[in-house]
K.L.:
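Below you will find the structure I want to go over with you.
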Amino acid sequence: MGIRKLGYVGLNVTDVDAWTGLLGRTLGIGVTRAKSGTDEVTLAEMDEFKYRVALYPSTEDSPRELGWIVDTPQELDRLTQRLEDAGFGVSDGSAEERELRGATQLRWFTDPVGYRVELAVGEAKVRLGVERPAGGPGVTGLGHLVLASPQVAELRALYESVLEFKLTDYRAPGLFFFRCNRTHHSIALASAETPSIHHLEFEHGSIDDVGRAYDRAKANDVPISISLGRHMNDKAISFYVRNPSGFHLEIGCGGIEVGDDWVPHDFGRSDEWGHHHAEANPFAAPK
């Protein structure tokens, strides 16, 4: 009980059209438009629920909110108390924000990096399904995110000690993977000099879907920032593209699930094969 999954991510973006093109032509993700105050927000449709990624037009590219789905109102109250006891100020989301997210309850706080983190109860189903590229299910949902920050210790304390995520595994000197359900990880924390989202992972239905997305990325001249490969720890097969806001999108499938008997460990090296970086890997293990 508690936090059930990563529900949505909001991004301030300088080029909504470029994002929409990437989502549609390469990933087969439809978008809808909605109003939030005076802004027109672009919502990425990945499943039957309202959205998983929201794009807000802005003069800078930056994370806007990270949204987690909580099981029940009672669990929301319990987690709110844990946050307040740990010194975090928790506020209610507005009626407009609840409507946009499709939530019945919404609270938020600011994490040690300065990002807005939201806890939502309820998800609005607004469609029976979404149109998919020919040949397979394509994108099936929002998988995980990786936050890079100099405040890794403070973020670990928040997610592990306050929000009750479980450490799945790690790699020295500063990369940690956490889960809130049976999926290997829903968030990872990485040590870096500058705070950022390192990547978002879009879950796909099969290796064929990942391969077709790879072909479309090549055909549409989308910059492939990390080549096809299989991770050592969660066993997912994926490749990465550089999105219009400058960070990575991971296009993946096949990550493992773990149970309560799982023992956290250092998994040694990042990949079983592949995942060659077009630029220097900031999280490469020291030689």
Side-chain angles (χ1 to χ4, degrees), residues 1-10 43-54 63-86 88 90-93 97-109 111 115-127 129-130 139-147 155-169 176-189 197 200-205 234 236 250 252-262 264:
M1 298 291 285
I3 291 177
R4 179 157 47 91
K5 65 178 181 179
L6 178 64
Y8 53 89
V9 173
L43 306 178
E45 304 172 343
M46 297 187 190
D47 51 30
E48 68 270 31
F49 295 101
K50 195 163 186 183
Y51 72 90
R52 296 303 180 195
V53 177
R64 185 181 178 106
E65 68 260 350
L66 311 176
W68 299 95
I69 306 300
V70 178
D71 281 314
T72 64
Q74 293 76 20
E75 285 297 294
L76 179 61
D77 289 340
R78 187 180 67 83
L79 291 173
T80 297
Q81 188 62 58
R82 290 180 63 84
L83 285 162
E84 290 176 341
D85 289 346
F88 293 92
V90 181
S91 302
D92 288 322
E97 289 168 339
R98 290 196 306 273
E99 181 180 1
L100 181 66
R101 284 129 177 88
T104 57
Q105 288 185 262
L106 181 69
R107 293 178 189 161
W108 65 274
F109 64 95
D111 75 7
Y115 295 152
R116 173 170 166 147
V117 179
E118 298 185 352
L119 304 178
V121 175
E123 296 180 274
K125 289 187 177 181
V126 299
R127 62 187 71 86
V130 294
V139 177
T140 58
L142 182 60
H144 63 256
L145 79 157
V146 176
L147 294 183
L155 287 171
R156 278 198 67 182
L158 167 62
Y159 280 97
E160 192 171 11
S161 300
V162 181
L163 296 179
E164 302 175 322
F165 282 60
K166 294 182 178 180
L167 178 67
T168 302
D169 51 29
F176 305 91
F177 293 79
F178 295 93
R179 66 189 189 275
C180 58
N181 50 45
R182 290 184 59 85
T183 301
H184 179 277
H185 63 282
S186 292
I187 189 170
L189 306 174
I197 293 179
L200 289 176
E201 190 257 345
F202 290 172
E203 192 67 25
H204 283 61
D234 71 352
E250 182 180 10
C253 72
I256 63 172
E257 294 185 343
V258 300
D260 291 337
D261 58 345
W262 182 271

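Atom set for the values below is all heavy atoms of this structure, side chains included, hydrogens, waters and symmetry mates excluded.
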K.L.:
Side-chain contact, heavy-atom cut-off 4.5 Å: Y159 with V117?
P.N.:
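A side-chain contact exists here, since the closest heavy-atom pair is under 4.5 Å.
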
K.L.:
Applying ring pair (Phe, Tyr, Trp, His ring centres under 6.0 Å), run through F178 and F165 and close with a yes or a no.
P.N.:
CA-CA 6 Å; F178 295 93; F165 282 60; 7.2 Å; no

K.L.:
State which residue, out of E250, K5, R179, E203, fulfils the side-chain hydrogen bond (donor to acceptor under 3.5 Å, both in side chains) condition with H144.
P.N.:
E250

K.L.:
Identify the two heavy atoms, one from A103 and one from A120, that lie closest to each other, and give their separation to 0.1 Å.
P.N.:
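Heavy atoms of A103 and A120 come nearest at CB-CB, 4.0 Å.
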
K.L.:
Any chance you could measure C180, atom SG, to E164, atom CD, to the nearest 0.5 Å?
P.N.:
11.5 Å

K.L.:
How far does CZ of F109 sit from CG of L83, to the nearest 0.5 angstrom?
P.N.:
5.0 Å

K.L.:
At what distance, to the nearest 0.5 angstrom, does CD of E65 lie from CD of E118?
P.N.:
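With rounding to 0.5 Å, CD (E65) is 4.5 Å from CD (E118).
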
K.L.:
Is there a donor-acceptor pair closer than 3.5 Å between any side-chain N or O of T168 and the backbone N or O of H184?
P.N.:
yes

K.L.:
Here's a test for you: under side-chain contact (heavy atoms from CB on, under 4.5 Å), which of L76, L106, V90 qualifies with L119?
P.N.:
L76

K.L.:
Which heavy atom in W108 sits nearest to a heavy atom in R116, and how many Å separate them?
P.N.:
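W108 and R116 have their closest heavy atoms at CD1-NH2, 3.3 Å.
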
K.L.:
Compare every heavy atom of W262 with every heavy atom of P264, then report the nearest pair and how far apart it is.
P.N.:
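The pair with the smallest heavy-atom distance is CD-O, 3.7 Å.
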
K.L.:
Of the non-hydrogen atoms in A54 and L43, which two are nearest, and what is the gap between them?
P.N.:
CB-CD2, 3.7 Å

K.L.:
Please check: side-chain N/O of R82 versus main-chain N/O of V162, any donor-acceptor pairing under 3.5 Å?
P.N.:
yes

K.L.:
Determine whether the side chains of Q81 and D77 contain a donor N or O and an acceptor N or O closer than 3.5 Å.
P.N.:
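No - no donor-acceptor pair under 3.5 Å links their side chains.
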
K.L.:
Would you call R4 and E75 a salt bridge, taking side-chain N to carboxylate O under 4.0 Å as the test?
P.N.:
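Salt bridge: no.
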
K.L.:
Could you tell me whether K166 and D260 have a side-chain N and a carboxylate O separated by less than 4.0 Å?
P.N.:
yes

K.L.:
Closest approach of V126 and K50, non-hydrogen atoms and distance?
P.N.:
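Heavy atoms only, the tightest pair is CG2-CA, 3.7 Å.
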
K.L.:
Which value, rounded to the nearest 0.5 Å, describes the distance between E123 atom CD and D47 atom CG?
P.N.:
7.5 Å

K.L.:
Does the plane of the ring in H185 sit parallel, tilted or perpendicular to the ring in F177? Use 30° and 60° as the thresholds.
P.N.:
perpendicular

K.L.:
For the CD1 atom of I187 and the CG atom of L147, what is their distance to the nearest 0.5 Å?
P.N.:
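These two atoms lie 4.5 Å from each other.
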
K.L.:
If every non-hydrogen atom of D111 is compared with every non-hydrogen atom of F88, which pair is closest and at what distance?
P.N.:
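For D111 versus F88, the nearest heavy atoms are CA-CE2, 4.4 Å.
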
K.L.:
Kindly say whether F49 contributes a backbone atom to a donor-acceptor pair with the side chain of R127 at under 3.5 angstrom?
P.N.:
yes

K.L.:
Determine whether D92 and R98 make a side-chain contact, defined as any pair of heavy atoms from C-beta on separated by less than 4.5 Å.
P.N.:
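Of all side-chain heavy-atom pairs linking R98 with D92, none is under 4.5 Å.
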
K.L.:
Any chance CD of E99 has more than 12 other-residue heavy atoms, nucleotides or ligands included, within less than 6.0 Å?
P.N.:
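No, not enclosed.
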
K.L.:
Atom CG of L6 and atom CG of L66: how far apart are they, to the nearest 0.5 Å?
P.N.:
8.0 Å

